[in-house]
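Data block below; observations after.
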Amino acid sequence: MSAGPVLLFLHGVGTGDVEDGWQVALSGALVRLGYPALELDRWIAPKYAYALRNGDGKYRVPPITVKQPGKDDARTNRRAFERRTSAMEYRLGQHEDLPNWPGAGTVVDVAFETNPFKQAHNYLHDEQARARVLTRVLDALPDSGEVLIVGHSLGSVVAADLVRRLPAGLNVVGMITIGSPLASGSVRATDLREAMQEPPTNLGWWINFWNGFDPVAAHRGLSSVMPWLLDLRVTTPPTPRVHDAVEYLSDPRVAEAIGYAMHGSLSTDLVRTVNAVDVPLDADERVVLLALRYAHLVATYLKDDQQDRFTGALRAIQSEAVEAMLQRRDVEGRPRPELIAQLAFDLADPTAEATPPAPGMYLTKEDALVQLIVLASDNFLRPFDIGFSESIKRQAMRDLTAEIGLGSVLGGDVLDAVDRAEKVLAGSKGPNWIRIGAMGAGAVALVVATGGIALAAGAGLAGAAALTSALAAFGPGGMIGGLITAGTLVTAGGGGIAFGLASSGTSSEAVESIVMRQLAAVILRQKLDLEQDPAVWHLLVETERQVRRAHERLDEYSDPKSPVLVELRKKIQLVERALEFMREEGLEPAAEPQTSSAAR
């Protein structure tokens with residue numbers, strides 16, 4: 001056997017494709033993608049059609065050689081499997097679902113019990129047939145090395161049954177099933193589903209390709225019964241041969257998955273980053289790199305399973321964020337900064353690690369204030385949600401503020417300001433009641449509710465143009481857009497955002513998250529003897545006016561417990577608490593000087 005994995009093809013029902021037409025179709029698809037054709041010494045295709053019907057002597061089902069991990073190791077095994085699966089999903093790209101074929105599930109279950117599916121039925125219910133097939137396949141395999149399993153139709157059932165019975169020295173780099181009936185109700189009569197509740201420890205990844213027009217595979221995909229595998233739909237049209245292996249293996253994505261498993265990547269996506277130059281970052285890019293640096297600092301204080309989960313999520317977030325920033329530069333015709341390009345890595349390589357941004361991004365207190373408040377109170381790993389202790393957050397924030405030249409004490413001051421603002425708005429509910437990440441959801445809700453008016457109103461003409469450009473590239477949600485939007489809302493003021501906060505399209509929870517962070521900025525400015533932004537007071541006053549007017553207008557006719565009125569009362573209470581705190585702390589803006597009539 002030549003270097004690299006060998007492909008094991010497990011055929012479906014019928015004669016077993018005695019002429020190996022599947023190999024011709026697959027080789028053609030591989031060549032079209034730029035891979036070499038399937039060489040004769042790189043594939044094995046045992047025939048077992050006869051073994052399904054007849055056989056001499058008594059056979060025993062081959063024993064399980066790959067034991068499932070124990071309870072302590074199952075989580076680690078599942079997480080490593082998910083990382084490899086995510087890498088394949090990233091490589092193959094997101095698929096577009098097609099409409100289900102009406103009645104497909106019924107066709108599957110009926111067809112599975114009738115000719116030519118009788119052979120599959122025999123395998124599932126006849127222990128001797130099962131033993132003969134598995135023995136024949138195992139006899140054709142080497143005892144060591146690497147193998148890629150491709151199972152079509154009945155062959156996918158054999159593959160699922162076989163993978164845990166392979167020689168201990170044979171590593172399964174991946175498994176691809178096509179036209180599989182494993183989601184059919186008929187398979188429930190076997191022990192396969194129960195045995196495959198967790199990924200086998202010798203299996204690299206499993207991708208199931210299915211066609212909505214294939215009466216055998218159109219049930220629901222296999223993730224409905226084995227949620228840890230990756231289901232992808234192919235788009236071949238309905239024809240009398242839609243279930244054939246040739247049709248599936250001719251599909252570019254099926255061939256790409258096989259080509260990558262057999263030969264590695266043909267991609268040169270990351271080569272372009274070598275052309276990066278030492279150009280300055282823009283404001284939005286600095287926000288993102290600061291967030292990534294903070295996340296890496298947090299990771300250093302986590303331990304065991306929590307650290308493993310956090311770094312896995314951070315790896316995915318960093319890859320997406322860096323790629324988004326580089327693409328934005330390309331679209332706008334600007335050179336790629338070296339500081340960003342050096343953070344890129346191939347997410348399709350499950351062994352690639354995320355390099356932390358270098359420390360030393362020096363900022364003034366005024367420039368850093370808003371960004372630090374957002375990092376201290378927002379979910380910067382969105383859409384992942386991983387909590388960690390206040391002590392870890394505090395230590396990582398102290399490290400970050402020390403790195404940017406502002407001293408470690410400022411890190412504690414930031415968290416103290418956020419904590420105090422939470423207590424002010426919480427009232428009798430106590431501190432820490434605002435869920436981390438609410439700012440992101442609230443920011444997106446406010447953008448949607450106002451059509452972007454709130455942000456534009458707070459950013460000024462030049463700032464609004466820059467913000468519009470950034471959100472067009474990144475969107476208001478996600479990691480980058482969420483941080484940029486949240487930061488803008490911390491400093492935004494004026495009628496536009498007040499209208500957005502009062503709008504019924506913005507929940508009281510969103511108002512809580514936004515007002516809390518604005519109040520935290522007020523508290524931190526007070527602590528650092530920085531000049532206050534009068535726009536915060538005017539925003540709260542205008543919001544209070546608009547919310548009270550909306551409440552009075554609806555209160556006269558609506559039911560007292562109307563959900564709309566309840567939300568409006570919550571908003572009024574929040575704004576009142578914020579204004580009262582600022583008044584008590586002497587943070588109410590001074591009255592504007594009167595102009596005499598003589599001067600006029």
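What you find for L138 and P167 is that their closest heavy atoms are CD2-CD, 4.3 Å. Nearest heavy-atom pair, A29 versus L249, reported as atom, atom and distance to 0.1 Å: CB-O, 3.5 Å. When all heavy atoms of R132 and A51 are compared, the pair lying nearest together is NE-O, 2.8 Å. M175 and A159 get closest at one heavy-atom pair: SD-CB, 3.7 Å. Of all non-hydrogen atoms in L52 and A129, the two that sit nearest each other are O-CB, 3.7 Å. Shown here for V66 and L166, the closest heavy-atom pair between the two residues is CG2-O, 4.5 Å.
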(request) Please report the C-alpha distance between Y48 and H11 in whole Å, then the side-chain angles of each, then the deciding distance to 0.1 Å, and finally whether the side-chain contact (heavy atoms from CB on, under 4.5 Å) criterion is met. (result) CA-CA 8 Å; Y48 41 81; H11 65 76; 3.4 Å; yes
(request) Test N202 against T65 for side-chain contact (heavy atoms from CB on, under 4.5 Å), laying out the working first. (result) CA-CA 10 Å; N202 64 333; T65 57; over 6 Å; no
(request) For side-chain contact (heavy atoms from CB on, under 4.5 Å), just list the numbers for W22 and W43, CA-CA rounded to whole Å, side-chain angles, deciding distance to a tenth of an Å, and then say yes or no. (result) CA-CA 11 Å; W22 66 270; W43 57 273; 3.5 Å; yes
(request) Begin from the C-alpha positions of H152 and F9 and carry the test ring pair (Phe, Tyr, Trp, His ring centres under 6.0 Å) through to its verdict. (result) CA-CA 8 Å; H152 169 241; F9 180 75; 7.0 Å; no
(message) Using salt bridge (charged side-chain N to carboxylate O under 4.0 Å, His left out), reason through D284 and R328 one step at a time and then give a plain yes or no.
(response) CA-CA 11 Å; D284 298 328; R328 178 192 179 208; 3.4 Å; yes
(request) Apply side-chain contact (heavy atoms from CB on, under 4.5 Å) to the pair N208 and M226, showing each step before the final yes or no. (result) CA-CA 11 Å; N208 176 63; M226 285 168 280; over 6 Å; no
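Between L162 and L10, some side-chain heavy-atom pair lies under the 4.5 Å cut-off. A heavy-atom distance below 4.5 Å is not found between the side chains of L182 and M196. The shortest distance between side-chain heavy atoms of I149 and L203 does not fall below 4.5 Å. Two residues are said to be in side-chain contact when any heavy atoms from C-beta on lie closer than 4.5 Å; L400 and L375 meet this criterion. A 4.5 Å side-chain heavy-atom check between P181 and S156 finds at least one atom pair inside the cut-off. In this structure, the side chains of L170 and P142 come closer than 4.5 Å at one or more pairs of heavy atoms. Between Q23 and D17, every side-chain heavy-atom pair lies at or beyond the 4.5 Å cut-off. Considering only heavy atoms from C-beta on, R329 comes within 4.5 Å of V279 through its side chain.
A donor-acceptor pair under 3.5 Å is absent between the side-chain atoms of H263 and the main chain of G4, judged by distance alone. A donor-acceptor contact shorter than 3.5 Å links the side chain of Q128 to the backbone of Y59. Using a distance-only test at 3.5 Å, with no hydrogens or angles considered, no donor-acceptor pair links the side chain of R241 to the main chain of E247. Using modelled atom types, one side-chain atom of Y248 and one backbone atom of N211 make a donor-acceptor pair closer than 3.5 Å. The closest donor-acceptor contact from the side chain of S27 to the backbone of V24 lies at 3.5 Å or more, if one exists at all. Listed for the S319 side chain is no donor-acceptor partner under 3.5 Å among the backbone atoms of R315. With R336 contributing its side chain and A341 its backbone, the two residues share no donor-acceptor pair below 3.5 Å. Proximity of a side-chain donor or acceptor of D251 to a complementary backbone N or O of R253 within less than 3.5 Å is detected. The backbone N or O of A299 sits less than 3.5 Å from a side-chain atom of Q307, completing a donor-acceptor pair. In this structure a side-chain-to-backbone donor-acceptor pair under 3.5 Å is present from R84 to G204.
Rounded to the nearest 0.5 Å, atoms CZ (R286) and CG (L339) are 11.5 Å apart. Atoms CG and CG, from L302 and D308 in turn, are 11.0 Å apart once rounded to the nearest 0.5 Å. We find the CD1-CD1 distance between I317 and I480 to be 9.5 Å, quoted to the nearest 0.5 Å. In this structure, CG in D330 is found 8.5 Å from CD in E323, a value given to the nearest 0.5 Å. Note that OG1 of T311 is 11.5 Å distant from CD of Q318, once rounded to the nearest 0.5 Å. Atom CG in L148 sits 5.0 Å away from atom CD1 in I176 (nearest 0.5 Å).
Salt-bridge check for R130 with D126: failed, with every basic side-chain N at 4.0 Å or more from each acidic carboxylate O. Checked for salt-bridge contact, D282 and R334 meet the test: a charged N lies under 4.0 Å from a carboxylate O. Between D20 and K47, at least one side-chain nitrogen of the basic residue sits less than 4.0 Å from a carboxylate oxygen of the acidic one, meeting the salt-bridge criterion. Ionic pairing of R83 and E353 is present here: one or more N-O contacts between side-chain nitrogen and carboxylate oxygen are shorter than 4.0 angstrom.
Results of the side chain to side chain contact (heavy atoms under 4.5 Å, CB included) test with Y35 over L30, I258, L26 single out L30 as the only residue that passes. Exactly one residue among D378, D385, N379 makes a side-chain hydrogen bond (donor to acceptor under 3.5 Å, both in side chains) with R382. That residue is D378.
Annotation for Q197: atom CD counts as buried by contact number, over 12 foreign heavy atoms lying within 6.0 Å. No more than 12 heavy-atom neighbours from other residues, nucleotides or ligands sit within 6.0 angstrom of CZ on R136. By the 6.0 Å contact criterion, CZ on R75 is open, its count of non-hydrogen atoms from other residues, nucleotides or ligands being 12 or less.
In the model, W206 has a side-chain atom that pairs as donor or acceptor with a side-chain atom of T177 under 3.5 Å.
F380 and F388 have tilted rings, their planes meeting at an angle from 30° to 60° on a 0 to 90° scale. Using cut-offs of 30° and 60° on the angle between ring planes, the pair F81 and W228 is perpendicular.
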